[in-house]
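We count ligands from 1, going down the list as the structure has it; atoms in each ligand are counted the same way. This one's a predicted model, so the numbers in the text were calculated from it and none came from an experiment. All residue numbers refer to positions in the sequence shown, counting from 1.
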Amino acid sequence: MHIIRRRGWEILESQVTPEALVLNRRGLIAGAAALSIGGLGFSARAQTVAPAVPGGAGPRNDKFEPGREMSLEKDATTYNNYYEFSESKNLWRDAQALKTRPWTVKIEGMVKQPRTLDVDDLIKQVSLEERIYRHRCVERWAMTVPWTGFPVSQLLKVAEPLSSAKYVVFTTVADKKAMPGLRGFYPFPYVEGITIEEAANDLSFLSTGLFGKPLPPQNGAPLRLTLPWKYGFKSVKAIVSINFTDKRPKTFWEEILPEEYGFWANINPAVAHRRWSQAEETLLGSGKTVPTQIYNGYGPFVAGLYDNLKSEKLYM
Ligand SMILES: Nc1nc2c(c(=O)[nH]1)N[C@H]1C(S)=C(S)[C@@H](COP(=O)(O)O)O[C@H]1N2
Ligand SMILES: [Mo]
């Protein structure tokens, strides 16, 4: 890939840390704006979510203790990474242009019966639950939020992959009308993948909701992968295709900068990014800096997946 420009976060180590200050300032500005118009901006946003859309609610599953204070909904829904819209974090307004219903998801490749499913029919075939997960972006910001959705293992039951399938590949929508970022030079559509073993792990989740409401477009509506032990770029948004294959895919960021964003991308504080340390992370909202944990603290659930893969570059 021919990168000429720097992405917003491709910055020097010394410039990374103050990001939290920028965050807080943004939060302040947003808060002040809402106040000046009597909070109108905020309630208007809530109304953009149609009540008839499913995917928002499910019983809480407490198996995966977050051990951290929850982030604010306002922060999680107004500070986003979504390059199809913008390289800036402030894209949530633009993302409202994405029409997320009706929405179909292709199930293709090495499966018993390839087909196209309406996302709401898929949701009817699984049982939704709520899980609070920590999220850790490779850029060193982190949040803790309640997702509604279903384990990827339930998708495997619906999709019925053949025993020859080794990977699951997820592709994001490329909607030229709604997504101005597609005009740039990045290799869209955004593609991510995991192994079948990772997909079957209890922690692997497909999100349809956030904070007890249907997923907002900026967070990946209507269907988004959520892999809390991997850097955030693996958690692909607005999925339109799920392809089962025996070949490891070339993922979006791997294609752009393979030496910095590999296929595995498991969180590890001891393995630095080529341009910054991954030892710590900054919590969205409070701006507090805390130590990063191996597998984002989910090692007891996932470390065993990698026992026989020690020769792989598991942590970048
Ligand atoms: N299609 C798509 N999915 C994406 C991204 C993206 O740019 N496009 N960014 C990723 C990155 S880097 C992160 S950290 C998370 C951010 O999710 P959030 O905005 O819901 O917090 O989405 C991931 N999924
Ligand atoms: Mo990220």
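Below 3.5 Å of separation, one finds an N or O of Asn219 facing an N or O of ligand 1. In terms of polar-atom proximity, Tyr83 is counted as a contact of ligand 1, with an N or O under 3.5 Å from an N or O of the ligand. For ligand 1, the polar-atom distance check finds an N/O of Asn80 within less than 3.5 Å of one of the ligand's N/O atoms.
Of all the heavy atoms of Tyr190, the ones lying under 4.0 Å from any atom of ligand 1 belong exclusively to the side chain.
The closest approach between Met143 and ligand 1 falls below 4.0 Å for a heavy atom of the residue. For the ligand labelled ligand 1, residue Ala238 lies outside the 4.0 Å heavy-atom shell. Under the 4.0 angstrom criterion for non-hydrogen atoms, Tyr231 is not in contact with ligand 1.
Close approach to Phe233 involves these atoms of ligand 1, each under 4.0 Å from a residue heavy atom: 10 (C), 11 (C), 12 (S). Interface of Tyr82 with ligand 1, defined as ligand atoms under 4.0 Å from a residue heavy atom, comprises 1 (N), 6 (C), 7 (O), 8 (N). The distance from ligand 1 to the heavy atoms of Trp141 drops below 4.0 Å at these ligand atoms: 14 (S), 21 (O). Close approach of ligand 1 to Cys137 is summarised as follows: ligand atoms under 4.0 Å from at least one heavy atom of the residue are 14 (S). For ligand 1, the atoms closer than 4.0 angstrom to any heavy atom of Thr172 are 1 (N).
A salt bridge is defined here as a Lys NZ or Arg NE, NH1 or NH2 lying under 4.0 Å from an Asp or Glu carboxylate O, and Arg248 with Glu312 meets this definition. Looking at Asp175 and Lys99, no side-chain N of the basic residue comes within less than 4.0 Å of a carboxylate O on the acidic one, giving no salt bridge. Ionic pairing of Glu281 and Arg134 is not present here: no N-O contact between side-chain nitrogen and carboxylate oxygen is shorter than 4.0 angstrom. A salt bridge links Glu198 with Lys230: at least one charged nitrogen is closer than 4.0 Å to a carboxylate oxygen.
For the pairing with Thr208, the side-chain contact (heavy atoms from CB on, under 4.5 Å) check across Leu215, Ile123, Val119 returns one residue only, Ile123.
Relative to atom 18 (P) of ligand 1, the option among Lys237, Gln218, Glu87 with the closest non-hydrogen atom is Lys237. Selection from His135, Glu192, Arg136, Arg224 by nearest heavy atom to atom 14 (S) of ligand 1 gives His135.
By the side-chain contact (heavy atoms from CB on, under 4.5 Å) test, Val169 pairs with Val191, Asn243, Thr245, Pro249, sequence neighbours left out.
The number of heavy atoms from other shown groups lying within 6.0 Å of CD (Glu69) does not exceed 12.
A cation-pi geometry, defined here as NZ or CZ lying under 6.0 Å from the six-membered ring centre and within 45° of its normal, holds between Lys234 and Phe263.
Taking the six-membered ring where the residue is Trp, the centroids of Trp229 and Tyr298 are separated by 6.0 Å or more.
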